[in-house]
Amino acid sequence: MNNGRAQRMHILIVEDNSGDQRLIREAFQETQLAPEAAVAKDGFEALDYLFQRGAFVGVARPDLILLDLNLPRKDGREVLAEIKSDPNLRNIPVVVFSSSSAPRDVSSAYALHANCYVTKPADLDELFQAIAWIERFWCNTVILPKASSTSTF
Amino acid sequence: MHWFKDISIKRKLTVIIITTSTAALFLAGTASFIYELVTFPKNLSQHLVSLADVVGNTSAAAILFNDNKTATETLSALQATPNIVMAQVYRKDGTVLANYVRKDEQTARLAVAKGFSGENFMPGYVDVFRPISVGAEQVGGIGLRSDLREREARLWAYGQTGLIVLCLSLLAALGVAAVLQRVISLPILNLARIVRDISEQHDYSKRAVKDTGDEIGSLVDSFNNMLTQIEARDSALIQVQGDLEQRVRDLQREVAERQRAEKGLAEKTVELQRSNAELEQFAYVASHDLQEPLRMVSSYTQLLAKRYRPKLDDSALEFIDFAVDGVKRMQTLIQDLLQFSRVGTRGKQFAPVNCEAVLQTVLLNLAGRIRESGAVIRQDALLLVQGDEGQLIQLFQNLLGNALKYRSEKTPEIYVSCQPQVDSLLFSVKDNGIGIDPQFSERIFVLFQRLHGKGEYEGTGIGLAICKKIVERHGGKIWVESETGQGANFKFTLPKAMNLALATEVEHE
């Protein structure tokens, strides 16, 4: 089961709030596997990272994307739509991680093929708990596709 | 005769008088003329006969003595009578003894009439013959020829007199006409002037002056009478018109006021919509943007405590607890504020709501607390109201929640009642809890007003403020009847359901 996980997992955190970036990274640090976490602070940076453009040439393809919805410059929904319309990126699981629990936001995220929607808890302990569950589920429980497609470019 | 119709009465009078007097004069003149024409020859012949007799008598001796000279002298005395053209004295045998011819006339012979007697009228002349007698014996005769100059002179004199009289009568007629005009035409003119003034100035208070008791006088009376009626009608009309104008003005003012009110209302509506939109925006800002930095403060203070607990002393940890507690309270306050503002902005349309179902939902929501406190809840049959179900659940839940929260040492007893009123329902939620000092019965409904310290009872003081806002949104009133230690009785009114058919249907479910 841990065959494919010999290497550390890569996670891309798309989050504009530097406080949250740090909290999420701290939370991941405390998880079982402590995956490597990269951060993009807005929609453009996230897409540049995913397409390995500009400053992000040669970065590792993430195994999981944690996406905030309310982002400056390019909205999280637009980023989600671009990821899911790209044949090479669409198989990367996207966890929408937003403070909003509005039904409208939830349904629109799933309509854009988000893999799951988790409301960002306000309380620190709950936040750490949520990140721990995300890590446990997506990095331990589920089987993700081999990142073979990435080797093509 | 058209011209006559159109001239003034004064002229008419003048014309009538002149025509009448002229006609009278003309008739009189003609009569005199005819009389003169008829009587003149007779008078003339009588005159001539007597003249011939006088001259014949004087000439009788001369005929007897065949004295031509004396007879001619006698005849020449006729010069004193200018109309005698010729005169001849005849002997008995008819021969001429003496002859007289007026100077300007030519000599001629008179055609002697038989027996020296008779009159002979010819154009321009009259011949008269008379016998001359001495005693009973006829001795000769005399003939006179007279022209008609006298008649012409007389007729001329007549004509002149007639003309002068006519002129005088014309003057008199003018005078009479002037007088008559004053008597007849002046009152009519006065009347006409009044009529003209009235028709021009529309002043029906004027009256014509009655000077005479004749037809014009009665006309003036009738006219004044008519004016009185017109004036009465006119003043009535003016009054009605004034009333109408007043009404129109009132209506115009009313319309203007209504328009202004409508405009004001429209502006208010726009303003309200804008302020509602602003509130929504505020709600969003409060829910997201304000929460965000608070979350940072609480998260990092908690992280600090979590990571560095071994290195921190008790005071530092206590300070962190205060900071975290403060942030959490602030988060609750913000959530409450948001909830409060949503009563107005997120309210649903009113529909018939079964309060029985509402209460059941509330009892289910509060089931844990009811069980834990051992509360006994009794209720009337609850009727249907016209309202927003979600908000009604919130209303009942806040009140029942308060009843459970502010309980005394006794087992909580809560009684929910419902009494129909004219077009509303009076609800009450009565408990046997700690009660409320009447002096605070207003204050408890004000946002964030609390009567107890934070240690005693939880809460931000938003529950009753939200209740009040919900009841008022439904057009009702909420108040509390209570004494300290006597329990509280919260009463409120809600509108009855409008659709009765639906109401019965729901009741039978």
Side-chain angles (χ1 to χ4, degrees), chain A residues 13-32 34 37 39 41-43 66-73 75-77 96-109 117-135, chain B residues 277 279-312 316-339 341-343 345-348 389-390 458 460:
Chain A
I13 300 165
V14 188
E15 170 65 65
D16 63 317
N17 183 341
S18 54
D20 275 332
Q21 290 168 10
R22 182 67 193 264
L23 276 181
I24 292 166
R25 279 168 65 191
E26 291 290 337
F28 272 118
Q29 293 274 305
E30 291 195 1
T31 60
Q32 204 179 356
V39 170
K41 66 178 186 299
D42 60 49
L66 211 66
L67 180 66
D68 189 9
L69 286 182
N70 297 315
L71 296 173
R73 303 214 290 165
D75 195 43
R77 294 161 195 84
V96 174
F97 198 57
S98 166
S99 54
S100 163
S101 58
R104 199 180 46 196
D105 287 337
V106 177
S107 59
S108 77
Y117 191 110
V118 178
T119 303
K120 197 190 287 174
D123 181 76
L124 182 80
D125 292 335
E126 288 172 18
L127 180 82
F128 272 56
Q129 188 72 69
I131 294 294
W133 281 337
I134 287 169
E135 188 269 345
Chain B
L279 254 176
E280 295 257 358
Q281 183 60 28
F282 160 77
Y284 184 78
V285 167
S287 71
H288 188 262
D289 295 7
L290 283 184
Q291 300 270 30
E292 203 70 11
L294 272 179
R295 203 163 48 77
M296 288 300 108
V297 174
S298 86
S299 295
Y300 280 96
T301 39
Q302 281 177 281
L303 192 57
L304 197 66
K306 190 175 160 137
R307 288 275 169 87
Y308 301 96
R309 186 173 290 278
K311 295 180 185 170
L312 294 173
L317 289 172
E318 198 184 352
F319 297 165
I320 286 173
D321 281 349
F322 279 127
V324 171
D325 187 49
V327 167
K328 281 192 174 154
R329 275 218 322 281
M330 182 135 180
Q331 282 172 331
T332 317
L333 283 171
I334 288 172
Q335 288 293 342
D336 286 352
L337 253 186
L338 206 59
Q339 207 185 4
S341 78
R342 277 176 182 161
V343 172
T345 59
R346 297 283 165 89
K348 301 243 165 34
E389 186 170 22
E458 278 184 14
T460 53

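Chain identifiers are assigned alphabetically (A, B, ...) following the order of the sequence lines, protein sequences preceding nucleic acid strands; residue numbering begins at 1 within each chain.
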For this session: Report the distance from atom CG of D123(A) to atom CD of Q302(B), rounding to the nearest 0.5 Å.
Result: 5.0 Å
For this session: Mark yes when over 12 heavy atoms from residues, nucleotides or ligands other than M330(B) sit less than 6.0 Å from its CE; otherwise mark no.
Result: no
Seminar exercise, completed: So CE of M296(B) and CG of N17(A): to nearest 0.5 Å the spacing works out to 4.5 Å
Seminar exercise, completed: L124(A) and L303(B) have their tightest heavy-atom pair at CD2-N, 3.3 Å
For this session: Go through the atoms of D20(A) and report whether side chain, backbone, both or neither lie under 4.5 Å from a heavy atom of chain B.
Result: both
For this session: Using non-hydrogen atoms and a 4.5 Å limit, figure out which bit of E30(A) sits close to chain B: side chain, backbone, both or neither.
Result: side chain
Problem set entry | Heavy-atom pair with the smallest gap, counting every atom of S298(B) and A122(A) | OG-O, 4.2 Å
Problem set entry | Value rounded to 0.5 Å, distance of OG in S299(B) from NZ in K120(A) | 10.0 Å
